[in-house]
Amino acid sequence: MSKIYLIGGVGAGKSTVLSILKTEYGAEIILADDEARRLMEPGEAGYDAVVRTFGTEYLSADGTIDRPKLAARIFRDPEAKKTIDRMIHPLTWKVIGEKMSASGADLVITEAAVFDADARKRFFDEVWYIRTDPEIRIKRLMESRGYSEEKCRAMIGNQFTDEEYAKQADRVIDNSGTEEDVRAQLRTIMEERTKR
């Protein structure tokens, strides 16, 4: 089994790459954000930790976490963000580790927007960085999510730079061109891997 940590900023087109890896190479895909979100559901460890730390102020009438309200708090309060990250990240990586161990796939890809050096050491064979020109990322986000240019630039500005992402990566996949360009890069990578 090959375990790949796939990273890249918002709007980089990671979902396109994941789709190709799943459909053409049979990869099992694990999305860190989905696992973190699930951990915040009632009855899960992340939910309990949030309620213990922040109280019931961030619960909706139905008892679920009011995500927009909590997101607004995190956005304006960096300490609250650090607290949430300290609670949720270890739980998320624990679940991801268990999923990878239980997988029968030859290739398991875990996608995460944030790089975690400890998780990289503990779980993965390689890190692949999906790099896309910032202007293309902005255009994609404006078209797909309806965000303003200002919001896109702010989101990108809050993430790692290309250089910071690339420094963590074993491979850089450029997704500034067409889907066929990406497909060709992945084909080369997969062919190299089978020759080892």
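These numbers come from the heavy atoms of this one structure, side chains and all, not from hydrogens, waters or symmetry mates. Throughout, numbering of the chain's residues begins at 1 and tracks the sequence.
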Closest non-hydrogen atom pair, K14 against G8
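Taking every non-hydrogen atom into account, NZ-O, 2.9 Å.
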
Over all atoms of both residues, closest heavy-atom pair of E35 and I30:
CG-CG2, 4.2 Å

Is it the case that more than 12 heavy atoms not belonging to D106 sit under 6.0 Å from its CG atom?
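Check fails, neighbour count at 12 or below.
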
Other residues, nucleotides and ligands only: do more than 12 of their heavy atoms fall within 6.0 Å of CD on E98?
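More than 12 heavy atoms, drawn from other residues, nucleotides or ligands, come within 6.0 Å of this atom.
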
Is the backbone N or O of [Y] less than 3.5 Å from a side-chain atom of [X], with the two atoms forming a donor-acceptor pair by type?
X: N175; Y: A12; answer: yes
X: Q168; Y: F115; answer: no
X: S103; Y: K99; answer: no
X: T92; Y: A32; answer: no
X: T83; Y: E79; answer: yes

W93 and Y5 aromatic ring geometry - parallel, tilted or perpendicular at 30°/60° bounds:
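Ring orientation, 0 to 90° scale: perpendicular.
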
For residues 160-169, which residue pairs qualify under salt bridge (Lys or Arg N to Asp or Glu O under 4.0 Å), counting only residues two or more places apart or in two chains?
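For residues 160-169: R131-D162.
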
Would you mind reporting whether W128 and E111 have side-chain heavy atoms less than 4.5 Å apart?
no

Show every side-chain hydrogen bond (donor to acceptor under 3.5 Å, both in side chains) that has at least one partner inside residues 60-72, sequence neighbours left out.
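Passing the test, one end in residues 60-72: D62-T64.
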
